[in-house]
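Positions are given from 1, in the same order as the sequence printed here.
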Amino acid sequence: MAGMKKPKSKRASVMARYSILLGFMLVIATWISYNTFKNAVVDAGKWEARAKKELSRMERVIEPERGDILAADGSVLATTLQYYTLRIDFGSEGFKWKEYVAEKDALAEAMHKHFPIAGGLKAWQDSLDCVLYRQKRPRGWRLIHNVTYADYMQIKEFPFFKGRKRNHHGLLAEPKKRRINPYGDMAQLSIGYVTEDQATGQKRGYSGLEKALDNYLYGKAGVARQVTFTRGIGKWEEVAAERGWDVKSTIDVQMQDIVESALMTRLQETHAEWGTAVLMDVHTGEIKAMSNLEEDPKNERRYIEAMNRAVRGFEPGSVVKTLSMMIAIEDGYVTDLDSVVQIGHSYRAFGTGRPITDSHYNSELTIRGIIEESSNIGMARVLSKFYRSPQGWHDRVAALGLLQPLNSGIYEERSAKFPVPKNGALITLSRQFYGYGCELTPLHTLSIYNAIANGGKFVRPRLVRSLHKEDCDSVVPVDYVVPHFCSENTAAMMRECLYAVCNGEHGTARSLKNPYVKLAGKTGTCYTLAGGAYDTSRKRLAFCGYFPAENPKYTCMVLIYHPRETAFGAASTSGAVLRNVAMSMYARGMLDNESDYSDSGTSGTTGKQPLAFASSDAELSAVVNRVTGVVPNRFAPQKVTEGLPDVSGMGLREAVSILESAGVNVTFDGVGLVASQSPGAGSHSDRVHLTLKP
């Protein structure tokens, strides 16, 4: 027909469609090729960075094994152990419910026998029964927590678990590392604590040596992450964690026990609020023992480790007179200990301020007598002649190194303070001469007396003896705070004064005199400052000294606050602690002496009994008055007449003390509290083995 278009052939129509499809595919292919090239070549760096960023989110920190803290003899004071919480997945595939029901009572008996809990066997039975009555099967029901690997292996052999696959019994173990102190609370504040950092989840030191040496103890954390290769993502790569250094401290376990026991006994006898005591080696500055005890808020008659007051500042009271007189002697203003000073009823230093008085009247005293009888007037009369500038006195004390940190290794350590009043008031200076208006930590006070005992050498107090890691040892050398503290002649003159305090006819600590260990030191009493005024009813009572006086080996500082019964003086409270520490060490032969004596009081090799350790003033008086008698020894083995005492549930130190006092030889294994003893309580034996568990 005219005017009509000729229809297209089928072939042309198909080809047109293919052409369109091919063109579309070419466009897509071109776009893919371009983007592939762009991503692989042009933007390769950007995508690689993004890939690393995404993979870094999957990084896992590998916590390193924390180093141990050791005593001077290598005994472990703090270590990290792996413990487990055991759970049962009652919803695991293939769990054998019928077998569980049939054997749960046998399982309860096994758990009761090896892991007794309050309520006994019935408590275990009720616990294992309770899951039977739940509508929903628990997936992580806790069976027991804080068990060792050996305990875990033992439980796997109990009824129902033994011989079955894990999905049949559902027993799961959650590992968790715990910081353990095998000796319990002993020297706990010196050792310190570990806590988890909330931001990082890392276990870091919180106080004491754990904090001061955290960077050494912690080690180096490892990293676990995924890595990319040219053909994709590879397997996990781990950067191994490095174990921390082991720190060998200067703490002597036996001396620590002696100091803690002596301080504890005197606090209980006097019903004081708190006390602190530090024992140090004269020549090396090694802190051999440190104890800080205070009343338990829940029970006033019980004392617990609490704030480390050994490194906190207090007005020192009369123990600072030793420092003041030493400076006057060293500077050449005092040359004769027998020179006489007029004392009288009172004295207004620099002609200003409130008159200074003494606790008892003396018309005159020698220089030696001023220290021996602890005269505030005498100190002010002597020193106010030569030191008339608060700034000058501050600088003189600073030159001795006393106002700088001692860097002993104790994290909480504070600095000493001899403040200069803004108005230059001389009354403040006169008060600083005899221990008010300034601050010293007990550790600083101890260092002063140690320098005098050490011939004028100001050795730095330290808690760390050495660091150990694999095949590498690093020994911390003896160090000195300043090259020159005082001359040997000055130190000798001061030692003569301090000897008179304990052994002179009028010495403030003459009650500490005994025929066995000669002591030298100084008493100090200071009232509590509250609301701008001193509360005379609440005293801090200090005694700092060294022993044996003729050849000093150890210095000891004791500070007791607010005794309320029995004794209220510095000598009878803090001084008694130092004396009892010295006597106890002497009784154990720890002062290069024979520890036992014959009836005549002379040492020998046969027919002796050990020297007594006096736990009270009355007991010591009995010892002193019976020099020729045989004195029972507190630490001597005593015959067991009523069987072995029950020490279950006690800490190791307390349990060993009780058993050894009964004449029993003790061995132990594990850590924590006494879980069992063999033979049991009431048995008659000279040996016992203790099993400890957390």
Side-chain angles (χ1 to χ4, degrees), residues 81-92 95-162 164 166 168-176 178 180-182 184-185 296-299 302 304 643-652 654-655 658-659 668-683 688-694:
L81 297 178
Q82 182 104 298
Y83 285 83
Y84 298 86
T85 295
L86 302 186
R87 299 181 182 273
I88 300 178
D89 179 6
F90 287 98
S92 63
F95 188 84
K96 302 294 185 180
W97 275 100
K98 290 184 179 180
E99 288 80 354
Y100 174 77
V101 172
E103 298 182 50
K104 63 180 178 61
D105 287 340
L107 175 59
E109 290 181 5
M111 295 298 296
H112 168 66
K113 178 180 179 181
H114 296 280
F115 305 97
I117 59 175
L121 175 60
K122 188 176 186 306
W124 273 116
Q125 291 173 336
D126 292 344
S127 179
L128 294 172
D129 274 344
C130 71
V131 295
L132 298 176
Y133 307 105
R134 295 190 182 185
Q135 293 181 349
K136 187 176 181 180
R137 295 178 179 179
R139 299 303 305 265
W141 181 79
R142 193 178 79 177
L143 174 67
I144 192 171
H145 70 108
N146 285 338
V147 296
T148 64
Y149 180 76
D151 293 333
Y152 173 36
M153 292 295 102
Q154 184 181 34
I155 290 173
K156 288 178 69 175
E157 297 299 313
F158 285 0
F160 181 65
F161 301 129
K162 185 176 181 180
R164 289 193 171 93
R166 188 169 69 177
H168 291 173
H169 58 59
L171 185 64
L172 305 173
E174 294 179 357
K176 187 177 181 64
R178 288 180 55 201
I180 296 297
N181 301 104
D185 291 338
D296 186 341
K298 300 178 181 178
N299 182 357
R302 181 174 180 266
I304 58 174
L644 293 172
D646 184 2
V647 295
S648 58
M650 297 182 183
L652 178 62
E654 183 181 4
I658 291 173
L659 289 168
F668 69 94
D669 61 60
V671 295
L673 303 179
V674 177
S676 63
Q677 64 184 78
S678 178
S683 302
V688 66
H689 182 80
L690 305 179
T691 300
L692 310 179
K693 291 187 178 180

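- Residues R164 and H168 come closest through the heavy atom pair CB-CB, 4.2 Å.
- Distance check: I88 CD1 to I144 CD1 gives 11.0 Å after rounding to the nearest 0.5 Å.
- Here the closest non-hydrogen pair linking Q125 and A108 is CG-CB, 3.7 Å.
- To the nearest 0.5 Å, the span separating CD on Q154 from OG1 on T148 amounts to 8.5 Å.
- Between F161 and H169, the ring planes lie perpendicular to each other; the angle is over 60°, past the 30° to 60° tilted range.
- Annotation: side chain of I304 is in contact with side chain of P297 (closest heavy-atom distance under 4.5 Å).
- Residue A110 comes nearest to P159 through the heavy atom pair CB-CD, 4.0 Å, listed as atom of the first residue, atom of the second, then distance.
- Between K96 and E103, none of the side-chain N atoms (NZ, or NE/NH1/NH2) sits under 4.0 Å from a carboxylate O, so this pair counts as no salt bridge.
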_side-chain contact (heavy atoms from CB on, under 4.5 Å), that's the test. Do F160 and K104 meet it? Break it down for me._
CA-CA 7 Å; F160 181 65; K104 63 180 178 61; over 6 Å; no
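- Within the 3.5 Å criterion, the main-chain N or O of F115 finds a donor-acceptor partner in the side chain of W124.
- Considering all non-hydrogen atoms of both residues, I117 and A123 come closest at CD1-CB, 3.8 Å.
- Closest approach of L644 to P679, counting heavy atoms only: CD1-O, 3.6 Å.
- Ring geometry for Y84 versus Y149: interplanar angle of 30 to 60°, hence tilted.
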*Given side-chain contact (heavy atoms from CB on, under 4.5 Å), test T85 with K176 step by step and report yes or no.*
CA-CA 8 Å; T85 295; K176 187 177 181 64; 5.9 Å; no
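- Within the model, atoms CD of E174 and CG of L86 stand 9.0 Å from one another, a figure rounded to the nearest 0.5 Å.
- Taking both residues in full, the closest heavy atoms of L128 and Y100 are given as O-OH, 2.6 Å, listed atom of the first, atom of the second, then distance.
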*asked:* Between K156 and M153, is the side-chain contact (heavy atoms from CB on, under 4.5 Å) condition met? List the steps.
replied: CA-CA 5 Å; K156 288 178 69 175; M153 292 295 102; 3.7 Å; yes
*What do the steps show when you test R178 against L81 for side-chain contact (heavy atoms from CB on, under 4.5 Å), and what is the final call?*
CA-CA 6 Å; R178 288 180 55 201; L81 297 178; 5.9 Å; no
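- Taken from CD1 in I155 to CZ in F158, the straight-line distance is 5.5 Å, to the nearest 0.5 Å.
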